[in-house]
Structures are given as structure tokens and as C-alpha cells.
Novice: 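Provided herewith is a single structure, encoded as C-alpha cells, for subsequent inquiry.
Numbered from 1 within each chain, the chains take letters A, B, ... in sequence-line order. A quick note: this is a predicted structure, and the numbers were derived from the prediction, not measured.
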Number of protein chains: 2
Amino acid sequence: MDACAQCAVRESAICHSLTDDKIAELSRHGHRRSVRRGQTLVWEGDESLLVGNVIEGVLKLSASTWDGRDQTLGIAYPSDFIGRPFGTKSRQSVVALTDAEVCTFTRSDFDAVAQNNPPLEHKLLQRTLMDLDHARQWMFLLGQKSAVERVATFLLDMADRLGAPADEDGVIAFDLPFGRQEMAEVLGLTIETVSRQITKLRTSGLIDAPSRRTVVILDRDGLEEAAGY
Amino acid sequence: MDACAQCAVRESAICHSLTDDKIAELSRHGHRRSVRRGQTLVWEGDESLLVGNVIEGVLKLSASTWDGRDQTLGIAYPSDFIGRPFGTKSRQSVVALTDAEVCTFTRSDFDAVAQNNPPLEHKLLQRTLMDLDHARQWMFLLGQKSAVERVATFLLDMADRLGAPADEDGVIAFDLPFGRQEMAEVLGLTIETVSRQITKLRTSGLIDAPSRRTVVILDRDGLEEAAGY
DNA sequence: CGATTCCTTGACTGACCTCAAGTGCCGTGG
DNA sequence: CCACGGCACTTGAGGTCAGTCAAGGAATCG
């Protein structure tokens with residue numbers, strides 16, 4: 001019953017807005033679910049029947065063409081909301097980038113609860129507005145930025161989103177939840193180009209990449225410059 | 001007082017959700033305003049203090065780099081909502097593409113009214129979700145599509161958004177509210193590339209372009225093919 | 001310790017951009 | 001009504017950046 005009470009994202013997800021009895025109502029419909037890295041939660045073109053919250057892990061939203069080109073449209077971290085409430089089929093897939101835990105509802109269940117919960121809708125609105133801001137920032141990147149700028153922007157964005165702390169010298173280290181191919185899909189580039197830009201940033205001393213998925217930002221200001229700010 | 005009662009978008013804008021007395025309350029804060037083509041309503045980086053509805057005309061949201069590259073992030077038609085409620089400075093400009101009429105509120109006024117109006121927030125949420133869908137569709141275009149595909153997609157999207165009707169042969173004619181430069185900024189291309197793709201589509205018989213801003217879609221299926229669907 | 005997978009690097013190609021010169025449209029004024 | 005000028009668009013030639021194809025190297029797993 002009170003799976004919600006112990007939920008890791010209880011304080012930050014949209015559910016935070018609900019009173020205890022409403023939580024209870026919602027939790028009756030919710031299913032906690034584990035997804036393994038690489039597993040697909042929703043298929044492109046499915047009549048979008050699932051919505052939910054990310055509890056743990058990282059997932060991506062993506063779309064692809066008939067001929068196999070893939071673009072990542074969004075990235076969901078713990079306490080982020082995924083899926084499309086209020087009836088539209090979204091041509092997007094949701095795939096886990098790491099092992100993940102999500103809390104899902106059928107869209108109809110969620111819609112019904114949301115309709116009568118202004119605070120819930122308010123939270124969801126705020127979150128959607130933030131998603132929109134982020135999507136537009138990314139449109140700008142995809143439309144106007146060069147390959148180096150894209151990679152540099154991505155690394156800075158990652159550092160912020162993962163909340164990676166700076167040490168006393170301003171050096172920031174963190175682990176990416178992405179492989180190169182996945183980075184390429186976010187940035188609208190190819191894996192080779194991403195790789196080349198990373199070596200370029202490395203040889204110019206702005207970052208280091210001690211292991212495949214580890215990134216160290218050595219010179220944040222320099223990297224911001226390279227990102228086109 | 002009841003400027004709202006005569007409003008052209010009364011039935012379709014988010015205000016549609018409000019009861020008469022709430023409308024009255026909101027209308028006390030609203031300012032109807034004319035904008036001439038090319039005029040800027042909000043400057044990039046302004047502490048976003050304005051929100052509102054488009055009553056007539058077409059406007060664009062855009063962002064630009066220090067060195068002058070411009071990307072259009074969204075297009076607002078009559079009954080669309082513009083601006084960013086709930087306190088964030090959005091690094092975006094709003095510019096009129098045609099002469100336009102808008103109904104504006106200060107963000108704080110709007111926020112205050114919205115907080116106590118669940119139906120209003122619900123409408124706004126739906127609209128924001130649609131904007132997000134559209135932004136993501138455009139991310140895909142910018143990240144993965146070729147120049148011809150982008151232009152073809154744009155023309156199809158325009159025909160739909162402007163509600164251009166097909167005649168008995170399936171031919172669709174309409175006038176763009178965009179010049180070539182503006183199209184280029186939407187599509188993340190240069191004006192020359194846009195121009196070349198249009199000639200390409202023209203010579204392949206999919207469209208015609210009898211005057212600068214007039215487009216005729218001769219073969220919708222063919223154009224969809226060219227758009228990469 | 002081998003096998004697989006992921007990443008890097010190189011050589012080449014090609015799509016789009018840049019720069020530059022037309023061409024046609026449209027309003028203005030004769 | 002036509003001549004003119006300005007501006008938006010088109011077209012061309014050449015360059016550049018990212019993509020493609022292909023091979024080699026490094027990490028991770030059994």
C-alpha cells in the first residue's frame with residue numbers, strides 16, 4: 001500500500017504535490033517496475049499507454065526513421081516524468097540507458113487521477129515547461145552548433161544534470177551514463193565524429209577521459225568557450 | 001471590460017476554460033497590443049516578464065549566438081500561448097513574422113490568476129504538451145534530416161498548420177508567412193540551401209512556387225516521400 | 001586469456017556553407 | 001504606363017566540416 005511512502009523520489013517527483021489519501025489512490029494503480037539497461041519500455045508508435053516516474057537510473061526518449069537513423073529527444077533522470085498523458089500517440093520509444101526503476105501507470109488511470117488533482121497538474125505543468133525549455137535549448141544546438149560545440153555543451157550539461165561537484169581546483173569528474181553511440185544520437189552526430197571531438201578537447205587540455213565513460217572537466221571556462229557561450 | 005467577449009480566439013485559446021467572472025478578473029490585467037511585422041515583443045535574456053495569447057498573425061520564438069547565428073525555436077499562431085510562466089528567464093526572443101495582435105499579461109499577474117484556476121492550468125498543460133511534441137519533432141528534423149527532407153517537411157507542416165484546403169485534384173495552395181531567410185532559420189539551413197531545395201522540389205514536379213511566398217503542393221504523397229516519411 | 005564489444009584513427013567522399021554574381025519582383029516616381 | 005532602384009531570391013563555383021568506409025587498438029566479459 002504505501003510503496004509511495006518509501007519511494008526514493010517521494011520528495012521531488014510530481015507526486016510530492018499529493019495529499020496522503022490521494023497518494024493512496026494513485027498508488028493503487030501504480031506498478032513499480034525494473035528495467036534492465038538497453039531494455040525498451042515503450043515502442044515507437046505504440047498507442048502511448050504508459051506514463052510514470054523514474055525512480056532510479058537513466059532513460060532516453062528517442063525516435064527513428066524507417067531507414068534506421070536515430071535521434072534522442074530527451075533524457076529522463078530520477079524523479080522525471082515519462083510518457084504522454086492526455087491522449088496522443090507519441091512516436092517515441094523509451095529505452096533504459098542504465099538499469100532503472102520506474103513507477104508506471106496506464107495513461108487512462110493517470111489521466112483520471114490528474115483531472116481531479118490541481119496540485120498534481122501544476123507540478124506536471126512545471127515539469128513539462130522545463131522539458132520544453134530543454135528541448136528548445138537542444139533544438140538550438142542541433143540547428144546551429146558545430147561538432148565541437150555540441151560535444152562541449154553536452155559534457156557541461158551532463159556535469160550539471162548529474163550534479164557532479166567541483167574539487168578545490170575547479171576540476172569536475174563524473175561518469176557518463178552514455179556510450180559514444182548514445183552520445184552521437186543525442187547530438188545528431190556520428191560516433192566517429194563524437195570520438196574525434198573528444199580527443200580534440202582532450203589534446204587541447206580542457207578535459208580528460210581516463211576511461212571509456214569517465215569524464216574530467218579540467219577547465220570549465222575553457223570548455224564553456226568551446227561550447228559556444 | 002469584456003474585451004474578452006469579442007476576442008477572436010475566445011473559443012480556442014486557454015482562456016476558453018474560464019468562467020465569466022474569472023475572465024473578468026483576467027481581462028482587468030490584460031493588454032491588447034498590436035505588433036508590426038518584424039517587431040520584437042520580448043528580447044532574448046530579458047527577465048521574461050510577459051506572457052500572453054496570440055489573437056491574430058504569426059510570431060516566432062528564436063535564440064541566437066553572440067556571433068549572430070539564429071535559430072527559430074517555435075512558431076505561434078492565433079490562439080497559441082506565448083511566454084514562460086512560473087519564473088524562469090528564458091533566453092528567447094519573440095518576433096512578429098506578420099503584423100499581429102496579442103493579448104499580454106505580466107508574468108506575475110498571470111501566475112497569480114493561474115494558481116487558482118485549475119481549468120486554466122489544465123488547458124495550459126495540454127498546450128505545453130503539444131508544444132513539447134512539436135519541439136521534439138523538430139529536434140528530430142534538425143538532428144537527422146537532410147536539406148530536402150527538411151524543406152519538404154516544413155512545407156507539409158505549414159500546409160497543415162495554416163489549414164490550407166486541398167482542391168478536387170489533391171492540390172494544396174497557400175501563402176507562407178515566411179521569407180526564405182526565415183525558413184532557413186527554422187530549418188537550421190542557409191538561405192541558399194533552402195532556395196536550392198525548393199527549386200529541386202519544383203523541377204521534380206512535387207510543388208510549384210508561382211510567387212515569392214506562394215506554395216502549391218502538387219503531389220502530397222510524393223512530397224511526404226521526399227520529407228522522409 | 002581469448003573473444004567480443006566499444007572506441008579511436010585514417011583516408012576519402014559528399015552535403016551543405018561561403019562568397020559572389022546574376023535575375024526577377026515590386027513599389028516609386030516620372 | 002513605363003523606367004528605375006532596391007530588395008529578395010536564385011544560381012554558380014569553390015571550400016569545409018562532418019559522414020562513410022575501413023582498419024587497428026583498448027577495455028570488459030566469460
Novice: What is the distance from CD1 of A/Ile198 to C1' of C/dT9, rounded to the nearest Å?
Specialist: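 Taking atom C1' of C/dT9 as the reference, CD1 of A/Ile198 is at 14 Å.
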Novice: How long is the line joining CD of A/Gln144 and P of C/dC16, in whole Å?
Specialist: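 Distance check: A/Gln144 CD to C/dC16 P gives 15 Å.
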Novice: Give a yes or no on whether a donor-acceptor pair under 3.5 Å exists between the nucleobase atoms of D/dT20, that is its base, and the side chain of A/Arg196.
Specialist: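 Yes, the side chain and the base share a sub-3.5 Å donor-acceptor pair.
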Novice: Nearest of C/dC19, D/dC9, C/dC6 to any side-chain atom of B/Glu192?
Specialist: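 Of C/dC19, D/dC9, C/dC6, C/dC19 is nearest to the side chain of B/Glu192.
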Novice: With a 4.0 Å cut-off on heavy atoms, is A/Arg212 in touch with a base, just the backbone sugar-phosphate, or nothing at all?
Specialist: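 Base contact.
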Novice: Starting the side chain at C-beta, find the nucleotide from C/dT5, D/dC9, D/dA18 nearest to A/Ala147.
Specialist: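 So the nucleotide nearest the side chain must be D/dA18.
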Novice: What is the distance from CG of B/Leu187 to P of C/dA15, rounded to the nearest Å?
Specialist: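 It works out to 18 Å between those atoms.
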Novice: Is there a donor-acceptor pair under 3.5 Å between the side chain of A/Glu101 and the backbone N or O of A/Arg32?
Specialist: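 No, A/Glu101 side chain to A/Arg32 backbone: no donor-acceptor pair under 3.5 Å.
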Novice: B/Asp99 and salt bridge (charged side-chain N to carboxylate O under 4.0 Å, His left out): which single residue from B/Arg36, B/Arg33, B/Arg37 fits?
Specialist: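 Considering B/Arg36, B/Arg33, B/Arg37, a salt bridge (charged side-chain N to carboxylate O under 4.0 Å, His left out) with B/Asp99 is found only for B/Arg36.
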Novice: Can we say B/Asp219 and B/Arg202 salt-bridge, meaning some charged N sits less than 4.0 Å from an Asp/Glu carboxylate O?
Specialist: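 Salt bridge flag = no for B/Arg202 with B/Asp219.
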Novice: If I take atom CE in residue B/Met183 and atom P in nucleotide D/dT10, what distance separates them, rounded to the nearest angstrom?
Specialist: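 About 9 Å, once rounded to whole Å.
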Novice: Classify A/Thr199 by what it touches in the nucleic acid, base, sugar-phosphate, or nothing, heavy-atom distance under 4.0 Å.
Specialist: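 A/Thr199: backbone/sugar contact only, no base atoms under 4.0 Å.
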Novice: Between A/Pro210 and A/Ser146, just flag the one whose closest nucleotide in DNA chain D comes earlier from the 5' side.
Specialist: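 The 5'-side residue here is A/Ser146.
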Novice: Send over the distance from B/Ile191 CD1 to C/dT18 P, rounded to a whole Å.
Specialist: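 Those two atoms, CD1 and P, are 12 Å apart.
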Novice: Output the single nucleotide from D/dT20, D/dT10, C/dT8 whose closest atom is nearest the side chain of A/Thr190.
Specialist: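 In terms of side-chain proximity for A/Thr190, the closest of D/dT20, D/dT10, C/dT8 is D/dT20.
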Novice: Within a radius of less than 6.0 Å around CD of A/Gln181, do more than 12 heavy atoms belonging to other residues, nucleotides or ligands occur?
Specialist: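 Yes, the 6.0 Å shell around CD holds more than 12 heavy atoms from other groups.
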Novice: Could you give the NZ-to-C1' distance, from A/Lys200 to C/dG10, as a whole number of Å?
Specialist: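 Those two atoms, NZ and C1', are 15 Å apart.
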Novice: If you look at every strand shown and take non-hydrogen atoms under 4.0 Å, does A/Leu189 touch a base, only sugar-phosphate, or nothing?
Specialist: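 Sugar-phosphate contact only.
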Novice: In this structure, how many angstroms lie between the C1' atom of D/dC7 and the CZ atom of B/Arg213, rounded?
Specialist: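 After rounding, the reported distance stands at 12 Å.
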Novice: Which one, C/dT8, D/dG19, D/dT10, comes nearest to the side chain of A/Thr193?
Specialist: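 The answer is D/dG19, which lies nearest to the side chain.
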Novice: How about B/Phe110 and B/Phe86: are their ring centres within less than 6.0 Å of each other?
Specialist: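 No: the rings miss the under 6.0 Å criterion.
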Novice: Between A/Phe178 (CZ) and C/dC7 (C1'), how many Å, whole number?
Specialist: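 These atoms are roughly 17 Å apart.
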